[in-house]
There are 2 protein chains.
Amino acid sequence: MSVTPRRPKGPPLNAMRAFDAAARHESFVAAAEELNVTPGAISQHIKALEAWAGTPLFQRNAQGVQLTQSGRALVGDFVAAFDGLAVAARALRNLSPNPDFQIATLPSIAQLWLPKHLARIRAAFPEINFSVTAMETPPSLSRELFDLAIFFGPLEEGSEQICLRKDEITPVCAPVLRERFEKDGFDGIALLHDQTWANDWTLWSEAAGVALADTQAGPKFSLYSLAVEEAKAGAGAIMGHTCLVEDFVASGSLVRLSDVDVSTGKALILEIPEKAQQRTETKHVAEMLG
Amino acid sequence: MSVTPRRPKGPPLNAMRAFDAAARHESFVAAAEELNVTPGAISQHIKALEAWAGTPLFQRNAQGVQLTQSGRALVGDFVAAFDGLAVAARALRNLSPNPDFQIATLPSIAQLWLPKHLARIRAAFPEINFSVTAMETPPSLSRELFDLAIFFGPLEEGSEQICLRKDEITPVCAPVLRERFEKDGFDGIALLHDQTWANDWTLWSEAAGVALADTQAGPKFSLYSLAVEEAKAGAGAIMGHTCLVEDFVASGSLVRLSDVDVSTGKALILEIPEKAQQRTETKHVAEMLG
DNA sequence: AATCTTGCCGTAGAAAAACTAAGGCTAAGA
DNA sequence: TCTTAGCCTTAGTTTTTCTACGGCAAGATT
């Protein structure tokens, strides 16, 4: 009999959150990204939880984890619980007198598309502070405290989505390279690549029926906007996503190298949380972007 | 624009749990007890949450806290969310090959009533490890990971409760004091008190119509079982709860000083979680105690 | 076959969070 | 007026959590 009557403790909350994320993604790396920590942290949380429960929750394979039978049985409960918590957290945030309006989007969209539109919206809502967070993968709006997300992707049923633009690509370059292109075609120009859209050149050359020497060769950039800047400076041609480069084409700082726009099958999609979790301004802001 | 794209963080989980507890009890002290920490810890959590939200959640008064308008609006969401989490946590625990069977009860019951009954049950379930946690206030079975609770209290509707015994009290003392009692009545004997049942002597004297010089005077003990031991050793008379002292009376180590049993209006109550959260053995164990 | 790449693990040390302890304040009630 | 109950604050300690980095194994690539 212990002298200090310590109640039996439940499992650590943060470990449960880590499990929730890891289970939804079936990946420690993806969970780590969502929670903004390193995969090692997730690994430790899961291990702690497994120790507490006395049962393995994941089967570790070399190229990824997989939920065990036991683990899979828990996912539903945990997802439901943390969904509920997210609702509560959002309610808490919305109490604040003037919470930031949080927008999640791709780095490229944040840099090339959003500023122009956001300026208009800021003017309409001068009292609201709009924050933009750039990320590679769309967040779950039912989980994370974003009020609006803009990403490229296929339209999905059942969520609050608006298609802003079809995603189409066409090669563009600086006007100074135009002459060289007229002479040698694509062979005379370096192809610039963005790492997250590494297949753009291949996709376009196949769909447009334009043969290219090597669709993978050429300088690679970690950010699309960097590649665009380089292209404007004359470093080569980039596969332009029309919605991202149209302003440069209009102003003449980039010129088209083809009349053919190829659809990527995706679209520029605006997504907002489900109704119950929207802020009063959300709908209005979405309409101004659409 | 920050270079490291840090996602906006939600409120700290532990702070939300502290809020949940504090809001349910409308008391930091009670919340602290439930979570097994000091009130200071709760205070800090709440302050952190208020800072995060930018809104006060509690109004601090000298003799207790009170939820603000804002705070009250959140309670429902948080209670629901943490209820869900408790369900998930229980599911997690029940995965374990052989989890302890957790029993919550008053210290006095744990020491004076439970051992006899538990012995029987341990014999019937030799493979199960029964853990007993003593506490002053019944836990919420939908929140904490107990499988069974035994407390004195009024029967309530709608929960899974079984009345084990009516709670009745009657004064008892060691046989050696009997003679003195015959001569001088209660005036010749010290009255022993347990701090959690400080009014027992008053209650009995009024209900039984027996006048006592001072129902509050006499040695006080923090544990009822300590007072019982002192009484057995001849230190004075104690107000015996029949279900707790009957064995000593039967064996002769304590003797009754009155024929009058006074009902406290309470009962010895066994409570188990709602069906969906019970373990397979729960019902059976409860029946063996009843 | 050799080499990359991906995604996990483990450990050590560093950083951050959570907790306790102790002293103080205020209002209610004796 | 004194006591009690209940909260607060602060400082310091303990515990938890995170990162950094080396390693390993299975597919993929050359």
Side-chain angles (χ1 to χ4, degrees), chain A residues 4-7 9-52 56-68 71 136-137 195-196 198-199 214 216-217 220, chain B residues 4 6-7 9-23 25-52 56-68 71 136-137 195-196 198 214 216 220:
Chain A
T4 1
R6 301 212 141 269
R7 294 158 119 95
K9 280 207 294 202
L13 284 181
N14 292 317
M16 292 195 280
R17 173 164 59 184
F19 172 76
D20 165 67
R24 272 184 292 116
H25 296 117
E26 285 214 55
S27 156
F28 288 4
V29 172
E33 191 184 334
E34 174 174 317
L35 299 181
N36 231 326
V37 296
T38 55
I42 303 292
S43 172
Q44 284 175 224
H45 277 309
I46 302 292
K47 196 160 43 152
L49 212 56
E50 289 175 328
W52 185 88
L57 266 13
F58 284 95
Q59 191 191 115
R60 277 79 165 175
N61 305 316
Q63 86 293 14
V65 290
Q66 201 180 354
L67 280 163
T68 60
E136 297 300 329
T137 318
Q195 300 196 321
T196 57
N199 291 320
D214 183 349
Q216 301 293 326
K220 297 185 172 45
Chain B
T4 2
R6 303 211 138 269
R7 294 158 119 95
K9 279 206 298 204
L13 283 181
N14 291 316
M16 292 196 279
R17 174 164 60 183
F19 173 76
D20 165 67
H25 296 116
E26 287 215 50
S27 155
F28 287 6
V29 172
E33 191 185 335
E34 174 175 314
L35 299 181
N36 230 328
V37 296
T38 56
I42 302 292
S43 173
Q44 282 176 296
H45 277 311
I46 301 293
K47 195 160 44 153
L49 212 56
E50 289 175 328
W52 185 89
L57 266 12
F58 284 95
Q59 190 191 113
R60 276 80 165 174
N61 306 315
Q63 84 295 15
V65 290
Q66 200 180 354
L67 280 164
T68 60
E136 298 299 331
T137 318
Q195 299 195 321
T196 57
D214 183 349
Q216 302 293 327
K220 295 184 172 47

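Convention: sequence-line order gives letters A, B, ...; per-chain numbering from 1.
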Fill in: Rounded distance (Å) that lies between atom P of D/dC7 and atom NE2 of B/H25
12 Å
Discussion item. Contact between B/S27 and B/V29 at the side-chain level, heavy atoms closer than 4.5 Å - yes or no?
Written reply: yes
Worksheet item: B/N36 has an atom CG; how far is it from atom P of D/dT15, in whole Å?
Response: 14 Å
Worksheet entry | Side-chain touch B/F19/B/L67, heavy atoms, less than 4.5 angstrom | yes
Worksheet item: Hey, is the side chain of A/N14 poking within less than 4.0 Å of OP1 or OP2 on D/dT17, counting only N and O atoms?
Response: yes
Worksheet item: Is there a donor-acceptor contact under 3.5 Å from the side chain of B/Q66 to the main chain of B/E26?
Response: no
Worksheet entry | Distance in angstrom units between B/Q59 CD and C/dA27 C1', rounded | 13 Å
Discussion item. Please tell me if B/H45 has a side-chain N or O lying less than 4.0 Å from either OP1 or OP2 of C/dA17.
Written reply: no
Worksheet entry | Length of the line joining A/L35:CG and D/dT19:P, which is rounded to integer Å | 11 Å
Item to complete: Please tell me if the side chains of A/E33 and A/I42 come closer than 4.5 Å, counting only heavy atoms from C-beta onward.
Response: no
Between N or O atoms, less than 3.5 Å apart, protein on one side and nucleotides 6-9 of chain C on the other: list the pairs.
unit_1	atom_1	unit_2	atom_2	d
C/dC8	OP1	A/F28	N	2.9
C/dC8	OP2	A/V29	N	3.1
C/dC9	OP1	A/R60	NE	2.2
C/dC9	OP1	A/R60	NH2	3.3
C/dC9	OP2	A/S43	OG	2.8

Discussion item. Nearest whole Å is fine: how far is D/dG6 P from B/Q66 CD?
Written reply: 15 Å
Worksheet item: Counting only N and O atoms by type, is there a donor-acceptor contact under 3.5 Å from the side chain of A/T68 to the main-chain atoms of A/Q59?
Response: no
Worksheet, complete the sentence: Whole-Å distance, A/Q195 CD to C/dT5 P, equals 12 Å
Worksheet, complete the sentence: Rounded to whole Å, CG of B/L49 lies from P of C/dA17 at a distance of 14 Å
Discussion item. Tell me the interatomic distance from A/E33, atom CD, to D/dT19, atom P, rounded to whole angstroms.
Written reply: 13 Å
Worksheet entry | Test: A/K9 and B/E34 ion pair at under 4.0 Å | no
